[in-house]
Peer 1: 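Have a look at this one.
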Amino acid sequence: MSMPALDIDKIDKIIDQVLSYAPSADIELIKKAYQVASLAHQGQKRLSGEPFIIHPLETASILTEFKMDVVTIAAAILHDVVEDTTVAISNIKEQFGDEIALLVEGVSKIAWVHQHSKHENKAENLRKMLIATAKDIRVILIKLADRLHNMRTLGYLSPDAQRQTALETLEIYAPLAHRIGMGRIKWELEDLSFSYLYPDLYHEIARMVASKRKEREMYSEKVREILTEEFDKEGISASIISRPKHLYSIYQKMNLRHKSFNEIYDLTGIRIVTDKQVDCYNAMGIVHNKWQSIPGRVKDYISTPKSNMYQSIHTAVIGPDGNPMEVQIRTKDMDVIATEGIAAHWHYKEKTKHDERYDSKFAWLKRLIEWQRELTDPKEFMEGLKQDLFSDEVFIFTPKGQIKILPKGAVPIDYAYSIHSNIGDHCFGAKIGGRMVPLDYKLENGDIVEIITSIKAHPTQSWIRIVRTPKARSKIRNWLKAHEEEQQKEHLQKDIKPKQQEQPSQKPKKTSAGKVMISGITDIAFNLAKCCGPIPGDEIAGYVAKGGITIHRKDCRNLASVASGQSRIVDAAWGDDKTGTYEAGIIVRAFDRNNLLKDMLSTLAATKITINEAWAKVVDKGIAKCGFVVLIRNKEHLAEIMHILEQVKGSIDVYRGRM
């Protein structure tokens, strides 16, 4: 069979690249994989019009950049054969053996099941891939390279398909790349997704970054000269490079921290790469002696590596000319791991899929799969997966000194269910280091946790809102569902009374029909706090003052500021009657432009919502804030209005608040 010149050129480059880092590699295996894949895909075209075989070759080429072994390269070339041609997995196993067959099958989608929805099939395909990844981490490496090339060529799809693929990439594949430490792939996936999901924001931030490039380069050169001189005095060998900031990470920091473009510290980022670990700490000492460090910004990921093997010292200082500057300090080996992750450990002929040295580094994957196997509902599975992928971890201890690893933000109920379902179902309280803590206490690294159980304790609906792990959430829902019928029967039996005891003269029982119950009582006068504007759906508490009781959101800063006077804070909850409207404050940060406030008011007017207040002001160069006080029905209604405002051109973020 004759091969197109373009294909031959690409496979030759792949082979040359493999030989450059593995001179004794079995190149015949790669050639054989290419021949089988090229024949299987013959006549197939991509939407771009190019031969389909180009895609698997580009996927393999990406993996050569990470110096992957020939088995992975061959599997990458074959990765679409089973899914998109008539070749069966049994044929792959027969021609290439079990190892390559496992990798190819791991990245191949399940055949379309017509009685299931597209959403269900997507969930099952992800579950299948993760289970295969637990057997061989190279499955996810191939899948990430496959997704990266698809994202690079996403422009040939319809706009709807572009957005769907970009969103999935941002929610699933970029976090997966982060989890296995492959920073290079994560950054590119995020920026590509950002460009398709928010093109206006992407181009605006790109423009601002480009406009400051010369200024940043001059500043970085000044820092480099100062540090080089100081390092030479101390005999420290180090490379000092300016760290390019990725557009999506700039957007995230502006969004999450409510910062303007000019307030992002690490727009000016310096990376110091040393030969030895001890020099990392020496370099940090020099940096801190030269410039004032910013309190709370020093993080030592060398002594305590992240779960994805990332190691580095992070610090922020007030650099030359009084400009904030973020500095990362690491060794050369750490720098490779920061960008290549698990791939950096996959040495040719030395690395096997059962390498125990790295099993512990990916214990999170086994836990994730264990939790996800219990989630049968596809929607719940996808939500739990996204949550798990974005979570950092906390390391806690049992009273006997055993380590338990849970996602950051986990509470004692999560810990209880991680031990046993029965302990979770009867969790009554918890002690941290011998001190009682509430069930919504956020567990921290090093906590020694003891669960207190009671036969009378059982899950409640409120538990679902505070737990962090999909396993706990699933167990709570199962318990509530199983006991729902039983509880309904009990209530029915209580309501049925013998006929001879019934009197028309009986007085009706008091119900919780008031808008707010305070300490379980409904007929107490109260005011809703203007500062935080609580609405049905918010967790609330009451503050007793001379003028009466004021209801605040539990996360209200004003309530927190008087927390020392706990005797003046009383329990409060929304009653059954949530009718009526409530004032809510909304703030929108956006890129300043003509007619910004007018467009937002028009958008709100279209929803027929009542607007009590509206204002706008420029808060920084190119950034404006618009504020609204509107009448809404409940928290869901507010979320709907906020989502609508997010769609207005130039909107950066939308959050609750008042002037």
Peer 1: In the structure I gave you, are the side-chain heavy atoms of Ile569 and Tyr543 within less than 4.5 Å of one another anywhere?
Peer 2: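 Counting from C-beta outward, Ile569 and Tyr543 do come under 4.5 Å.
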
Peer 1: Listed by chain and number, what are the salt bridge (charged side-chain N to carboxylate O under 4.0 Å, His left out) partners of Asp555, not counting sequence neighbours?
Peer 2: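 If we apply the salt bridge (charged side-chain N to carboxylate O under 4.0 Å, His left out) test to Asp555, skipping adjacent residues, the hits are Arg553.
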
Peer 1: So do Val104 and Val81 actually touch side chain to side chain, heavy atoms under 4.5 Å?
Peer 2: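 Sidechains of Val104 and Val81: no contact.
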
Peer 1: Shortest non-hydrogen contact from Ala430 to Ile451?
Peer 2: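 Minimum heavy-atom contact is CB-CD1, 4.1 Å.
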
Peer 1: I want to check something: taking the side chain as every heavy atom from C-beta on, are Val588 and Val648 in contact at a cut-off of under 4.5 Å?
Peer 2: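 No, too far: nothing below the 4.5 Å cut-off.
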
Peer 1: Measure the spacing between CG of Leu406 and OH of Tyr415 and express it to the nearest 0.5 Å.
Peer 2: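 So the CG of Leu406 and the OH of Tyr415 are separated by 9.0 Å.
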
Peer 1: Please name all residues satisfying salt bridge (charged side-chain N to carboxylate O under 4.0 Å, His left out) with Glu539, sequence neighbours left out, ordered by chain then number.
Peer 2: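 For Glu539 the salt bridge (charged side-chain N to carboxylate O under 4.0 Å, His left out) partners, ignoring immediate neighbours, are Arg465.
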
Peer 1: Can you name the ring-ring contact (aromatic ring centres under 6.0 Å, His included) partners of Phe194, sequence neighbours left out?
Peer 2: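 Per chain and number, Phe194 pairs via ring-ring contact (aromatic ring centres under 6.0 Å, His included) with Tyr202, Tyr248, Tyr251.
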
Peer 1: How would you list, by chain and number, every residue that makes a side-chain contact (heavy atoms from CB on, under 4.5 Å) with Ser158, sequence neighbours excluded?
Peer 2: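 For Ser158, the residues satisfying side-chain contact (heavy atoms from CB on, under 4.5 Å) (neighbours in sequence not counted) are Asp160, Ala161.
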
Peer 1: Please determine whether the number of non-hydrogen atoms from other residues, nucleotides or ligands lying under 6.0 Å from atom OH of Tyr198 exceeds 12.
Peer 2: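 No, because the 6.0 Å sphere around OH of Tyr198 holds 12 heavy atoms or fewer from other groups.
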
Peer 1: Output all residues satisfying side-chain hydrogen bond (donor to acceptor under 3.5 Å, both in side chains) with Asn422, sequence neighbours left out; order by chain, then residue number.
Peer 2: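 Expected list: none.
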
Peer 1: In chain order, what residues pass the side-chain hydrogen bond (donor to acceptor under 3.5 Å, both in side chains) check against Thr169, with sequence neighbours excluded?
Peer 2: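 Per chain and number, Thr169 pairs via side-chain hydrogen bond (donor to acceptor under 3.5 Å, both in side chains) with Arg147.
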
Peer 1: Within a strict 4.5 Å, meaning less than it, do heavy atoms of the Leu148 and Leu192 side chains meet?
Peer 2: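 Yes; the side chains approach each other to less than 4.5 Å.
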
Peer 1: Working to the nearest 0.5 angstrom, can you tell me the gap between Ile466 CD1 and Leu439 CG?
Peer 2: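 CG of Leu439 is found 6.0 Å from CD1 of Ile466.
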
Peer 1: Does the side chain of Met182 reach to within under 4.5 Å of the side chain of Leu141, using non-hydrogen atoms?
Peer 2: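 Yes, their side chains come closer than 4.5 Å.
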
Peer 1: Do Lys475 and Asp425 sit within salt-bridge range, that is, some charged N less than 4.0 Å from a carboxylate O?
Peer 2: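 The answer is no: the pair does not qualify as a salt bridge.
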
Peer 1: Are Ile89 and Ser108 close enough that some pair of their side-chain heavy atoms sits under 4.5 Å apart?
Peer 2: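 Ile89 does not reach Ser108 side chain to side chain.
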
Peer 1: Please confirm whether the backbone N or O of Gln647 pairs with a side-chain atom of Ser651, one donor and one acceptor, at under 3.5 Å?
Peer 2: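 Side chain of Ser651 to backbone of Gln647, a donor-acceptor pair under 3.5 Å: no, none is there.
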
Peer 1: So how far is it from Ile185 CD1 to Glu190 CD, rounded to the nearest 0.5 Å?
Peer 2: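 These two atoms lie 12.5 Å from each other.
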
Peer 1: CZ/Arg477 to CD/Gln461 distance, rounded to the nearest 0.5 angstrom?
Peer 2: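 Going from the CZ atom of Arg477 to the CD atom of Gln461 covers 8.0 Å.
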
Peer 1: Test of understanding: with salt bridge (charged side-chain N to carboxylate O under 4.0 Å, His left out), list the residues that count as partners of Glu583, not counting sequence neighbours.
Peer 2: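 Partners of Glu583 by the salt bridge (charged side-chain N to carboxylate O under 4.0 Å, His left out) criterion, ordered by chain and then number, come out as Lys530, Arg658.
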
Peer 1: State which residues pass side-chain hydrogen bond (donor to acceptor under 3.5 Å, both in side chains) with Lys431; sequence neighbours excluded, sorted by chain then number.
Peer 2: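 Per chain and number, Lys431 pairs via side-chain hydrogen bond (donor to acceptor under 3.5 Å, both in side chains) with no residue.
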
Peer 1: Kindly say whether His458 contributes a backbone atom to a donor-acceptor pair with the side chain of Trp463 at under 3.5 angstrom?
Peer 2: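 Absent.
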
Peer 1: Hey, could you give me the CE/CD1 distance between Met642 and Ile587, rounded to the nearest 0.5 Å?
Peer 2: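 Rounded to the nearest 0.5 Å, the CE-CD1 separation comes to 10.0 Å.
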
Peer 1: To the nearest 0.5 Å, what is the distance between CG (Leu144) and CE (Met151)?
Peer 2: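 So the CG of Leu144 and the CE of Met151 are separated by 12.5 Å.
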
Peer 1: Taking Thr607 for the side chain and Leu604 for the main chain, is one N or O donor matched with an acceptor at less than 3.5 Å?
Peer 2: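 Yes, Thr607 side chain to Leu604 backbone: donor-acceptor pair under 3.5 Å.
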
Peer 1: Between Leu157 and Thr165, is any pair of side-chain heavy atoms under 4.5 Å apart?
Peer 2: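 Of all side-chain heavy-atom pairs linking Thr165 with Leu157, at least one is under 4.5 Å.
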
Peer 1: Can you list everything that forms a ring-ring contact (aromatic ring centres under 6.0 Å, His included) with His552? Sequence neighbours excluded, please.
Peer 2: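 So His552 forms no ring-ring contact (aromatic ring centres under 6.0 Å, His included) with any residue.
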
Peer 1: Short question: side chain of Arg656, backbone of Gly533 - any donor-acceptor pair under 3.5 Å?
Peer 2: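 Here the side-chain-to-backbone pair exists.
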
Peer 1: For Lys143, which residues count as a side-chain contact (heavy atoms from CB on, under 4.5 Å) partner, sequence neighbours excluded?
Peer 2: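 Result, side-chain contact (heavy atoms from CB on, under 4.5 Å) vs Lys143: Val107, Met129, Ile140, Asp146, Tyr173.
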
Peer 1: Any donor-acceptor pair under 3.5 Å linking the side chain of Arg473 with the backbone of Val467?
Peer 2: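 A pair under 3.5 Å: yes.
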
Peer 1: Should Ile448 and Ile396 count as side-chain neighbours, where that means a heavy-atom distance under 4.5 Å?
Peer 2: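 They are not in side-chain contact.
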
Peer 1: Under 3.5 Å, is there a donor-acceptor pair between the side chain of Asp136 and the main chain of Arg138?
Peer 2: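 Judged by distance alone, yes, a pair lies under 3.5 Å.
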
Peer 1: With sequence neighbours excluded, what pairs up with Tyr441 under the side-chain hydrogen bond (donor to acceptor under 3.5 Å, both in side chains) test?
Peer 2: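 Checked Tyr441 against side-chain hydrogen bond (donor to acceptor under 3.5 Å, both in side chains); matches are Asp447.
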
Peer 1: Can you sort out the partners of Glu636 under side-chain contact (heavy atoms from CB on, under 4.5 Å), two or more places apart, ordered by chain and number?
Peer 2: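 Applying side-chain contact (heavy atoms from CB on, under 4.5 Å) to Glu636 gives Asn634.
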
Peer 1: If I compare all heavy atoms of Ser193 with all of Ala166, which pair ends up nearest, and what's the gap?
Peer 2: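 Taking Ser193 first and Ala166 second, the nearest heavy atoms are OG-O, 3.3 Å.
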
